[in-house]
Structure formats: C-alpha cells, structure tokens
Amino acid sequence: MLKKFAGVRRLIAAGAVLLAAVSLQPLSTAQAAPSPVVGGTRAAQGEFPFMVRLSMGCGGTLYTQQIVLTAAHCVSGSGPNTSITATAGVVDLRSPSAITVRSTYVLQAPGYNGTGKDWALIKLAQPINLPTLNIATTTAYNTGTFTVAGWGAAREGGAQQRYLLKANVPYVSDAVCQQAYGSSLVPGEELCAGNVQNGGVDTCQGDSGGPMFRRDAAGAWIQVGIVSWGQGCARPGYPGVYTEVSTFAAQIASAASTL
Ligand code: ARG
C-alpha cells in the first residue's frame, strides 16, 4: 500500500488477510513468476530462530527472549495487552512443536502517528528459549544485500503463508527511493530495499513487523530494518520501505528496559 493511504495501512494491523483482499491487483502473466515473501524460497527449520509470527497477522523478532520487536502499525497503542499470541520456534505455523506465548504489554513507538517511527515492543508472558536477534546500533550495516523473512503474502493480493519464506533484497538509496515515494519517505527513519529495476522480490502484506537483516563483521545476523510499507509488492520502481532500526536503537533499548 502506498503510505499516503494511511488509513488503509492501519487496516493491515487489523487483518493482513483483509488488507490483502483490498489491495488485490491483477498480475500480468508476463511478470516474473512470484513465489514465496514475494520472489523467495522456504526457510529451513531453525535457520532464523529469532522469527516470530504474531496473531494479528504480523511478523516480529525476539529482541530479548521475552520481548518481541515489531512494527508500530501492527499494534493499536501502548498499555497492558493480553490479546496477542506470539508463535515461535517453527517455520510451519501448524507444527505441533510450535511455541506459543501470550502478550502482557504493548509499547508502541512514542510519537508514532503513521509516518516513520514504525516500531513497537511486545512483552511476553514467559521467555522463549530461542536465540535473539541483535539490532544495528549504527548505520554501518545499512547497505549491502539484506535478507527478509515472513509468513506474509507470496504475491500482491495473495494469501498468508503456512511456511516461513525468505528472500534477499538489495539496498536502495534514499534518493532512488524518493523517486518512487517522494515526501512520503522519511529518509532518517526509513530504509528502502528491493529490485527497483525489475521488481519480483519484496516483502508483502503480513510480513510487516518482521525483520530485514544481514551479516555483521563477525558473521552474526544483525537486524537493520522492520517491514513497514510499500506500494503494492515487488513492483518494478517501488522498493519496500523498512523502519531504519539504527535510528531507533537507543530508544528501543531504553523502552525495552522499562518492560
Ligand atoms: N504494511 C504491510 C504489512 O502490514 C507490509 C507491506 C510491505 N510492502 C512491501 N511492498 N514491502 O504487512
């Protein structure tokens, strides 16, 4: 969805499936055959152990074993909240070995108003004994090739996925991203990625809140983005837009310390 349709974007938090129906666009058969995220493949069990699926239809990551980092637009505000279920430890959401834990509290980014600042923290009732994902605290890793993963639609207007999908997306500069989105992009708070030339690979509805990550200098995964928005999915000329995690790293850390 184009960001200027802020109302529509908020709908995604309410129901990714509903949104997918609203955003249904005919795909030309001449377009690159989209398969799993869009243009991705199935993740292996245990490949991204920090990945979380949230019951409102979003992704997230284990920031700590008891705090999930997701997108602000996936939640409706801050305060005690026991309505969200986090599913972790599986690529198959229907696996009997899935770990499910309820939320106790939601902290939406202070000052979030639908433009930028698209991050939130969800406190879980119990810790989940799985690896966490470190977040970027400087801009050092905000370029290169990124990995994205999620259970969202595998094509624009498509269904949510049972199995976790992954794809690689190249960094897109703010200048190029602004050619697509103009002043809707908040360059200091958002980071773009995707195949601008040909499209075909992207996150999509239901991937929101999930991570965009890469390897750091030590070879460990580090989160640089949070799936936020885009015009359609995987369209040429329209990269995906991600929360620039490094911008908010200090705020995220201090917010987490209060939970
Ligand atoms: N806002 C969407 C969600 O709630 C994510 C859209 C990402 N779009 C994109 N073209 N990268 O799931």
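All residue numbers in this chain count up from 1 along the given sequence.
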Residue list, side chain to side chain donor-acceptor pair (under 3.5 Å) with [X], at least two apart or on another chain:
{"X": "T64", "value": "none"}
{"X": "T147", "value": "N168"}
{"X": "E47", "value": "K166"}
{"X": "E244", "value": "N142"}

Under the ring-ring contact (aromatic ring centres under 6.0 Å, His included) test, which residues partner F48, sequence neighbours left out?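 With sequence neighbours excluded, F48 shows a ring-ring contact (aromatic ring centres under 6.0 Å, His included) to F213, W221, given in chain and number order.
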
So which pairs with a foot in residues 80-90 pass side-chain hydrogen bond (donor to acceptor under 3.5 Å, both in side chains), sequence neighbours left out?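 Sorted result for residues 80-90: N81-S83, T85-R102.
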
Provide the full list of side-chain hydrogen bond (donor to acceptor under 3.5 Å, both in side chains) pairs with a residue in residues 89-98, sequence neighbours left out, each pair given once. D92-R162, S95-S97

List for me each residue that meets side-chain contact (heavy atoms from CB on, under 4.5 Å) alongside [X], sequence neighbours excluded, and say none if there are none.
{"X": "Q126", "answer": "V101"}
{"X": "P170", "answer": "none"}
{"X": "D202", "answer": "C233, A234, Y242"}

Drop me the distance from L69's CG to I252's CD1, to the nearest 0.5 angstrom. 5.0 Å

Begin with the C-alpha distance, continue with both residues' side-chain angles, and end with the deciding distance and a verdict on side-chain contact (heavy atoms from CB on, under 4.5 Å) for V91 and R42. CA-CA 8 Å; V91 291; R42 274 200 201 171; over 6 Å; no

Running the 4.5 Å side-chain criterion over Ile, Leu, Val, Met, Phe, Trp and Tyr, what cluster does V90 land in, apart from itself? none

Could you note down all residue pairs passing salt bridge (Lys or Arg N to Asp or Glu O under 4.0 Å) where residues 69-80 supplies at least one of them, sequence neighbours left out? none

How close do M56 and V75 get, counting heavy atoms only, and between which atoms? CE-CG1, 4.3 Å

